[in-house]
Novice: 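Take this structure first; my questions come after.
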Amino acid sequence: MMFSKTGWLLGAALALTTLSPLAAAQTKVDRVIAADVSGTVSITNVAGAIAVNGWDRAEVRATGTLGKGVERLDFTRQGSRVVIKVILKRGNLPKGDGTATLQISLPRASRLEVSSVSADVTADGISGTQKISTVSGDLVAEIGKGGAELQSVSGDAKLRGGAEGAKLRASTVSGDLMLRDGAGDIEIQTVSGDINAQLRQMRSGRVRTTSGDLELEAALPSTATLDVETVSGDVEITARAAGGMSIDAQSFSGEISTCFGREGEPTSKYGPGKRLSMQTVEGGANLRIKTLSGDVSVCDR
Amino acid sequence: MNTPDSSRRVDRVSQLPQDIAPARDLWPAIAAQLGSAESAPAAPAPSRRRFGRWSLGIAAGVALLGVGFLIGRQTPDALAPVTPPMVAVSFEPGESYQKARAAQLEQLPARLAALSPESRRQVLASLETLRRSLDDIRKALGEDPANLLLQSMLVNTYQEEMRVLTTVNEAGSAGQEI
């Protein structure tokens with residue numbers, strides 16, 4: 001693929017500016033590189049912020065500011081892969097010096113890969129697959145038809161969108177997860193983060209938490225399946241299932257309740273454990289919920 | 001012949017008398033009864049009276065068994081004898097898991113040091129949550145070892161712990177490499 005001459009010139013000029021020893025405490029960058037419309041764009045930034053948006057041009061543009069602890073911004077292309085990487089100076093940097101604030105525009109069908117430590121990440125208008133990982137940075141992303149794979153340690157994630165059939169895999173250690181207006185398949189894991197999901201429609205879902213609570217509201221087609229497991233987290237599901245649903249909920253020491261006039265019944269006369277197996281209509285969506293000590297509530301409204 | 005003096009206080013065992021003669025001689029009467037039993041003819045067949053004794057003995061035995069069974073069923077757990085389980089059930093993960101976990105734990109302090117104090121605090125709190133959860137599940141399994149819900153939950157929680165250790169080590173490593 002031909003590189004844009006203007007982009008090269010602009011990039012070179014900005015690179016010189018960036019590397020200049022006379023650069024001020026904060027260096028401004030504005031660089032452009034030609035890119036495949038469905039290539040991969042990889043972005044790495046430790047601290048600060050990364051804002052990514054999709055556009056309809058066959059090029060990637062990076063603008064922003066680099067802290068004085070940043071040695072340089074690598075901005076390269078290898079085949080269909082564009083790499084944008086903030087390189088820090090060696091040694092211990094004063095707090096805030098290693099930050100970079102980047103605004104990246106890229107072809108909307110690109111595959112996006114973002115790696116951040118404490119930098120917050122936002123991604124908008126991208127239809128390709130997104131793979132984003134942060135340590136403590138927060139994440140706000142719009143999920144396109146290519147789906148997303150998101151990972152965070154303590155950062156919170158707010159996700160919206162998700163076309164029909166899109167797959168979302170998200171995992172955190174302690175970060176909370178909020179999903180809005182999505183559809184398709186979801187797979188979520190967290191230890192202590194809470195999950196709050198309001199989805200248009202869910203085809204399949206697998207959710208696991210250790211102590212985090214789950215609040216899920218979704219329309220479930222009759223072929224939908226939902227598997228939930230928590231150790232001590234509470235589970236509250238509002239499932240609009242026009243074709244009915246079957247529920248199999250088990251708890252070792254928690255309570256199981258529904259708005260269908262049914263509750264969990266003891267599995268043994270002498271020991272702990274409750275179970276509820278019921279169908280609102282024969283067939284329909286399939287809900288399986290397991291918990292050790294969390295309370296379970298299922299309703300359709 | 002020494003007779004016990006109930007009014008005398010005894011301080012040591014050695015002060016007790018070595019023997020005490022019975023108030024009357026019982027042997028003549030016992031010998032007379034033994035002699036009459038030996039001279040009696042052998043019975044050719046069990047008498048109705050002897051059959052009655054056998055049947056009474058069997059009935060008493062069955063009754064005792066029945067009472068014992070009922071008592072056993074109604075004995076509260078707290079009074080039931082504590083016996084070790086016949087089959088020792090191990091809820092510890094396998095050796096390969098332990099090795100992989102140990103390798104991850106070895107890296108953990110350095111990786112945690114690369115995280116911000118707030119992230120470090122949250123990660124440690126989450127690992128503590130996992131540890132407590134594993135304890136809770138193992139404790140519940142102690143009460144109900146055959147519970148499939150608990151067994152699968154235990155395996156999943158071990159996997160979750162490994163996922164967290166791997167994620168944190170990779171995250172800490174990413175922070176150091178960048």
Side-chain angles (χ1 to χ4, degrees), chain A residues 44-47 70 85-88 95 98 100 115-119 133-137 151-156 171-175 189-193 208-212 227 229-233 248-253 267-268 270-275 288-294, chain B residues 73 76-77 111-112 114-178:
Chain A
T44 304
N45 183 16
V46 174
V70 176
K85 190 169 184 178
V86 176
I87 307 293
L88 301 182
K95 193 176 179 185
S115 177
S116 136
V117 177
S118 62
S133 71
T134 80
V135 178
S136 57
Q151 184 175 291
S152 147
V153 175
S154 58
D156 297 332
S171 64
T172 80
V173 176
S174 59
Q189 271 183 294
T190 174
V191 176
S192 50
R208 188 181 196 282
T209 83
T210 301
S211 62
D227 282 283
E229 180 177 314
T230 80
V231 178
S232 56
D248 182 13
Q250 294 180 70
S251 178
F252 187 72
S253 58
T267 52
S268 158
Y270 303 102
K274 286 189 175 172
R275 185 165 195 164
R288 287 186 293 268
I289 305 157
K290 298 174 182 176
T291 175
L292 177 77
S293 56
Chain B
R73 283 198 61 173
D77 287 347
R111 302 308 190 204
L112 281 173
L115 301 180
S116 67
E118 177 58 17
S119 286
R120 193 160 51 236
R121 188 191 64 75
Q122 291 193 25
V123 167
L124 288 171
S126 292
L127 285 170
E128 175 61 18
T129 299
L130 280 166
R131 193 195 59 75
R132 276 203 314 270
S133 297
L134 284 167
D135 283 349
D136 288 347
I137 298 167
R138 277 193 292 253
K139 191 176 165 191
L141 271 167
E143 294 171 29
D144 191 358
N147 191 311
L148 293 176
L149 167 71
L150 298 175
Q151 287 174 11
S152 72
M153 204 166 272
L154 185 73
V155 172
N156 292 342
T157 307
Y158 276 128
Q159 286 177 347
E160 183 71 347
E161 186 193 39
M162 186 58 84
R163 179 186 75 81
V164 170
L165 290 172
T166 309
T167 302
V168 172
N169 283 336
E170 283 175 357
S173 167
Q176 286 172 340
E177 283 168 12
I178 293 168

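Reminder, nothing fancy here: chain letters follow the sequence lines and each chain counts from 1.
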Novice: Show, in sequence, the C-alpha distance, side-chain angles and deciding distance for V46(A) and V86(A), and conclude whether the side chain to side chain contact (heavy atoms under 4.5 Å, CB included) test is met.
Specialist: CA-CA 7 Å; V46(A) 174; V86(A) 176; over 6 Å; no
Novice: Given that the side chain runs from C-beta out, which part of S251(A) has a heavy atom under 4.5 Å from chain B: side chain, backbone, both or neither?
Specialist: backbone
Novice: Let's test your reading of the structure: which of S293(A), S118(A), S171(A), P272(A) forms the most heavy-atom pairs below 4.5 Å with chain B?
Specialist: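 The residue among S293(A), S118(A), S171(A), P272(A) with the greatest pair count is S171(A).
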Novice: What residues form a side chain to side chain contact (heavy atoms under 4.5 Å, CB included) with R131(B), not counting sequence neighbours?
Specialist: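 Partners of R131(B) under the side chain to side chain contact (heavy atoms under 4.5 Å, CB included) test: E128(B), D135(B).
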Novice: With a 4.5 angstrom heavy-atom cut-off, could you sort out which part of R163(B) is near chain A: side chain, backbone, both or neither?
Specialist: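 Answer is side chain: those atoms of R163(B) sit under 4.5 Å from chain A.
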Novice: Let me know if N147(B) has heavy atoms under 4.5 Å from chain A in its side chain, its backbone, both or neither.
Specialist: side chain
Novice: Given a strict heavy-atom distance threshold of 4.5 Å, which part of S133(A) is in contact with chain B: side chain, backbone, both, or neither?
Specialist: neither
Novice: Grab the two heavy atoms, one from S152(A) and one from G155(A), that are nearest each other, plus how far apart they are.
Specialist: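 In terms of heavy atoms, the two residues are closest at OG-O, 2.6 Å.
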Novice: Counting only non-hydrogen atoms closer than 4.5 Å, does V173(A) touch chain B with its backbone (N, CA, C, O), its side chain (CB onward), both, or neither?
Specialist: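 Both parts, backbone and side chain.
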Novice: Apply side-chain hydrogen bond (donor to acceptor under 3.5 Å, both in side chains) to R208(A) and T157(B), showing your working.
Specialist: CA-CA 10 Å; R208(A) 188 181 196 282; T157(B) 307; 2.8 Å; yes
Novice: Any donor-acceptor pair under 3.5 Å linking the side-chain atoms of S192(A) with those of S126(B)?
Specialist: yes
Novice: Would you call R288(A) and D248(A) a salt bridge, using N to O less than 4.0 angstrom?
Specialist: no
Novice: Chain B heavy atoms under 4.5 Å from E229(A): which part of the residue, side chain, backbone, both or neither?
Specialist: side chain
Novice: Determine the option with the most heavy-atom pairs under 4.5 angstrom with chain B, choosing from T267(A), T210(A), T230(A).
Specialist: T210(A)
Novice: Checking L127(B) against chain A: side chain, backbone, both or neither under 4.5 Å from a heavy atom?
Specialist: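 Neither; nothing under 4.5 Å.
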